[in-house]
Structures are given as structure tokens and as C-alpha cells.
Peer 1: 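One structure is given below, represented as C-alpha cells, and several questions about it will come after.
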2 protein chains.
Amino acid sequence: MLKGHLDAVLLATIGDEALHGYAIIEAIRARSGGHFDLPEGTIYPALHRLELAGLLASRWVQPDGGRKRRVYTLTDSGRRSLVERRAGWQSFASGIDLVLGSRA
Amino acid sequence: MLKGHLDAVLLATIGDEALHGYAIIEAIRARSGGHFDLPEGTIYPALHRLELAGLLASRWVQPDGGRKRRVYTLTDSGRRSLVERRAGWQSFASGIDLVLGSRA
DNA sequence: AAGTTATACCTAGCATCACTAGGCTTAAAC
DNA sequence: GTTTAAGCCTAGTGATGCTAGGTATAACTT
């Protein structure tokens with residue numbers, strides 16, 4: 001469970017690449033050091049939601065081998081949103097750190 | 001919104017004191033440096049839930065001035081849970097940090 | 001004395017979020 | 001040729017915390 005930070009994680013994972021859903025799941029697992037292993041039922045609806053919100057754009061790609069994939073890239077709005085969400089996360093995390101006295 | 005970490009925040013805020021609901025709200029606001037200003041509709045049901053779960057115990061207290069208060073303290077189980085939740089938060093936060101590349 | 005503000009507790013209902021549990025298709029591996 | 005991996009999708013559900021309301025008492029103002 002990403003507890004409200006799923007969108008930030010998705011935007012940050014896609015970053016400047018063009019990734020498809022399945023690859024995004026693997027990238028999150030890899031980059032989080034195994035902390036997060038998200039099910040498809042979490043990822044696909046979230047990608048659709050972010051595209052509808054104008055933060056992501058998608059196109060279908062037919063690779064040489066393998067089946068068609070829908071690849072996602074950030075829009076300008078998505079890039080701006082990522083900056084905001086990163087700041088939002090840092091603010092949130094420092095607030096929790098203060099209260100928990102963990103990293104203070 | 002505390003995004004799934006409300007219980008940890010409550011347990012940590014109460015800590016070794018005996019606090020009542022209203023004071024808990026003020027303590028969270030103060031200790032978080034103003035980050036979190038939680039409404040009563042969040043706090044009271046959560047306290048009841050934690051008491052039902054055996055992590056908190058409550059008793060009514062009549063102070064010299066002012067009206068009756070229900071004060072909460074941690075149970076042994078609550079103290080153990082706090083330790084776990086602190087560790088859980090650190091693990092979660094480091095995972096998000098890795099993915100967002102914010103504090104990495 | 002009356003009204004307002006601060007203290008203090010509570011609940012029903014609602015929106016969001018992400019997960020479970022399924023289904024579908026195509027390519028690779030055995 | 002059949003199983004496994006890659007790849008996409010949705011309906012329904014449970015948990016979570018907020019909104020918006022209600023109640024009561026004490027302190028402060030006018």
C-alpha cells in the first residue's frame with residue numbers, strides 16, 4: 001500500500017522514459033529495493049486516472065517481438081505535478097518524522 | 001490527511017503521557033511543526049478504534065476546573081505496536097525516498 | 001446577565017484509495 | 001501442444017479519514 005503517494009511514485013518512475021504498465025511495476029519493485037511490489041489492479045486504474053487528469057499521455061507500440069504495449073510518458077503538466085508531489089512528500093515525511101521522533 | 005500513519009502518530013503522541021482527545025490534537029499540531037492539524041472527526045473515532053484493538057486504555061478524569069475528560073494511555077500492546085509502526089514508517093519512507101530520488 | 005468563545009466529547013455518512021479476484025490475449029519455453 | 005510469462009483490463013470491496021453535524025460545560029466579554 002502506497003498510502004496516497006501512488007501518483008508521485010508513478011510519475012517519478014516514468015520520469016523521462018516511455019514505460020508501459022508491466023515495466024512500471026518491475027521498475028517500482030527494482031527502484032524501491034523490493035519495498036513495493038504493486039499488483040496490476042493498482043497500477044492500471046491509476047495510469048488511466050493520471051492520463052484522464054492530463055498528467056500522462058499514452059500511445060500503443062508494437063515491438064519487434066512480443067505483443068502490443070501501451071507506453072506512457074509525462075506531459076508538461078505531469079512534470080510540474082511531479083515537482084509538487086516531491087515537495088509534498090518531503091513536507092509530509094518531515095512532519096511524520098517530527099511526531100514519531102524517528103529521524104529527528 | 002495522514003495517509004495510513006494516523007495510528008502511529010496517535011500512539012507516538014500519547015507516548016508515556018496521559019492525554020485526552022483535545023490535547024492530542026494540539027500536541028500533534030505542535031509537535032509536527034504545524035504540518036498536521038487534524039479535525040476531531042478524525043481523532044475521536046481513531047482513539048475508539050485503538051482502544052477497541054487493545055492498544056489504548058482510557059479513563060474519565062474530572063480536573064479541578066473545567067469539564068470531564070477522557071484520558072488515554074498506551075497499553076503494553078500499544079507500546080509494542082508503536083515500536084513496530086515506527087520501524088514500518090522508516091521502511092516505508094526509505095522506499096518512497098528511493099523511488100522519488102528525493103533524499104537518496 | 002447574556003452572549004460569545006474555547007474546551008471537550010461524539011457520530012453518521014461519504015469520498016478516496018488501492019487491493020482482491022477475476023478475465024482476456026499473445027508470445028516464448030519446454 | 002501445453003504451460004508459463006508478458007501484457008492489458010475491470011468490477012467490487014474494505015479501510016481510512018474527512019465533512020458536517022450535534023451536545024455540553026467553563027471562561028471570558030460586554
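These numbers come from a predicted model, not from an experiment.
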Peer 1: What orientation do A/F92 and B/W89 show, parallel under 30°, tilted 30 to 60°, or perpendicular over 60°?
Peer 2: perpendicular
Peer 1: Closer than 4.0 angstrom, basic N to acidic O: yes or no for A/E51 and A/R70?
Peer 2: yes
Peer 1: To the nearest angstrom, how far is B/Q62 atom CD from D/dT25 atom C1'?
Peer 2: 10 Å
Peer 1: List the protein contact pattern of nucleotides 2-17 of chain D with one symbol per nucleotide (5' to 3'): B for base contact, S for sugar-phosphate-only contact, - for none; contact means a heavy-atom distance under 4.0 Å.
Peer 2: ----BBBBB------S
Peer 1: Starting from P on C/dA18, measure out to CZ on A/F36 and report it in whole angstrom.
Peer 2: 12 Å
Peer 1: Can you tell me how far P of C/dA21 sits from CD1 of A/I43, to the nearest Å?
Peer 2: 18 Å
Peer 1: So B/R85 and B/S81, side-chain hydrogen bond (donor to acceptor under 3.5 Å, both in side chains) or not? Walk me through it.
Peer 2: CA-CA 6 Å; B/R85 283 166 203 271; B/S81 178; 2.7 Å; yes
Peer 1: Rounded to whole angstrom units, what separation is found between the CG atom of B/L47 and the C1' atom of C/dT11?
Peer 2: 14 Å
Peer 1: Run the salt-bridge test on B/E26 and B/R31 with the 4.0 Å N-O cut-off and return the result as yes or no.
Peer 2: no
Peer 1: Of the non-hydrogen atoms in B/G101 and A/R86, which two are nearest, and what is the gap between them?
Peer 2: N-NH1, 4.5 Å
Peer 1: Can you see which heavy atom on B/L74 is nearest to which on B/G15, and at what distance?
Peer 2: CG-O, 3.5 Å
